[in-house]
Amino acid sequence: MEIRISSLDKTYPGGYHALQNIDLTITNGMFGLLGPNGAGKSTLMRILVTLLEPTSGEVLIDGKDIRNHRREVRSMVGYLPQDFRFFSRLKAWEFLDYAARLGGMSDRRERSRRIDEMLTSVGLFDFRNRMANKLSGGMKRRLGIAQALIASPKIIIVDEPTTGLDPEERIRFRNLLSDLGRSDTVIILSTHIVGDISSTCNQMALLNEGELVYRGTPDQLVEGTRGFVWSAVVTQEQYDRLKLDYPVISTIPSGLGWEIQFVGERPSGIDAVEVAPNLEHAYVHYMENNFRHWDL
Ligand code: ADP
């Protein structure tokens with residue numbers, strides 16, 4: 001399975017240029033699309049599931065242009081939109097049954113087995129008879145995930161799936177998705193939370209203000225940040241000056257000043273120690289360079 005996105009552009013009516021010249025190839029496994037709110041992630045996801053038309057450019061799934069294969073694409077994709085809502089009064093299991101039928105599962109016994117399996121894996125089996133709209137926020141989110149996965153789609157697209165989940169549910173959800181990373185499945189996880197990406201994705205891209213800033217592995221992104229992360233103990237005055245030029249990642253009170261971590265070129269005039277980068281540092285580093293590049 002391969003999704004090939006070429007020269008993709010989207011300008012909304014009203015003139016907002018939400019995606020600019022996106023080139024990206026996504027293959028089997030878990031792909032993380034990371035970017036701040038407003039970067040264009042949902043726009044891209046909605047184009048991939050054929051809910052939105054691009055202004056120009058094309059998307060091929062296994063060589064087929066999605067514009068001419070809309071029905072086929074929709075039957076291949078399990079989608080959890082960012083603003084997922086329950087539109088009618090159904091019990092949790094009835095809702096999954098509905099989703100399974102939409103996904104083409106016509107055998108009742110097979111559906112029933114699959115519904116129980118999904119309810120169990122998202123931890124909702126004991127709540128199967130509760131009305132979907134009466135579930136808690138986190139449970140609704142998990143039911144949303146179950147409906148996206150129920151018909152065993154070849155492409156799974158989840159948009160900001162951990163929003164509204166507590167930390168435990170977030171971990172459980174990440175594990176559920178990585179368990180699904182079967183060899184013939186593409187999973188696209190769109191998020192603004194760095195922690196959603198680090199542990200699970202083998203490939204990723206960074207999107208900022210409608211442009212791709214990075215594509216590759218999370219490890220390569222982190223490596224590209226080596227030599228740009230610093231730790232220093234500074235006075236309040238030094239801190240105030242430093243934060244005008246550098247994104248500061250963390251501050252811990254230390255003596256009369258602060259122990260801080262920041263990202264950028266080696267600073268002059270203060271005693272700074274190089275720190276091994278992690279994905280959060282890398283995210284800040286790449287976003288920051290993008291802004292600088294635009295400022296030129
Ligand atoms: P993300 O999912 O990364 O938060 P979105 O794709 O939702 O980003 O939005 C990207 C930009 O496009 C935002 O500035 C948003 O305001 C704008 N946008 C989204 N939908 C529409 C729309 N229907 N009409 C006009 N502008 C839109």
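Numbers for residues simply follow the sequence, beginning at 1. When a ligand or atom number is given, it counts from 1 through the structure's own listing order.
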J.: Check whether Y98 forms a cation-pi arrangement with R101 (NZ or CZ under 6.0 Å from the six-membered ring centre, at most 45° off the ring normal).
T.: no

J.: Heavy atom under 4.0 Å from ligand 1: found in A18's side chain, backbone, both, or neither?
T.: side chain

J.: Would you please test E53 and R67 for side chain to side chain contact (heavy atoms under 4.5 Å, CB included) and show each step?
T.: CA-CA 8 Å; E53 286 261 355; R67 274 172 298 198; 4.2 Å; yes

J.: Indicate, as side chain, backbone, both or neither, the part of P36 found under 4.0 angstrom from ligand 1 when only non-hydrogen atoms are considered.
T.: backbone

J.: Kindly give the heavy-atom pair with the smallest separation between I47 and K10, and that separation in Å.
T.: CD1-CB, 4.2 Å

J.: Go through ligand 1 atom by atom and flag the ones less than 4.0 Å from a non-hydrogen atom of N37.
T.: 4 (O)

J.: For L189 versus C201, what's the shortest heavy-atom pair and its separation?
T.: CD2-SG, 4.1 Å

J.: Name the closest protein heavy atom to atom 11 (C) of ligand 1, giving the residue it belongs to and the distance to 0.1 Å.
T.: Y16 CE2, 3.4 Å

J.: What protein heavy atom lies closest to atom 8 (O) of ligand 1? Include the residue and the distance to one decimal.
T.: G40 N, 3.1 Å

J.: Starting from atom 26 (N) of ligand 1, locate the nearest protein heavy atom and write down its residue, its atom name and how far away it is, to 0.1 Å.
T.: Y12 CD1, 3.4 Å

J.: Nearest protein heavy atom to atom 6 (O) of ligand 1, by residue and atom, and its distance?
T.: T43 OG1, 2.5 Å

J.: Heavy atom of G38 under 4.0 Å from ligand 1?
T.: yes

J.: At a 4.0 Å threshold, what atoms of ligand 1 neighbour a non-hydrogen atom of A39?
T.: 1 (P), 3 (O), 8 (O)

J.: Can E117 and R113 be counted as an ion pair, charged N to O under 4.0 angstrom?
T.: yes

J.: To check you understand the geometry: which heavy-atom pair defines the closest contact between M287 and P36, and what is its length?
T.: CE-CD, 3.8 Å

J.: Heavy atoms of the protein only: does one fall short of 4.0 Å from atom 16 (O) of ligand 1?
T.: no

J.: I'd like to check which ligand 1 atoms, numbered from 1 as shown, lie under 4.0 Å from a non-hydrogen atom of S42.
T.: 1 (P), 2 (O), 6 (O), 7 (O)

J.: Would you call the rings of W258 and Y239 parallel, tilted or perpendicular, taking 30° and 60° as the class edges?
T.: tilted

J.: Less than 6.0 angstrom from the centroid, inside 45 degrees of the normal: does K91 satisfy that with respect to the ring of F95?
T.: no

J.: Give the atoms of ligand 1, by number and element, whose distance to some non-hydrogen atom of K41 is under 4.0 Å.
T.: 1 (P), 2 (O), 3 (O), 4 (O), 6 (O), 8 (O)

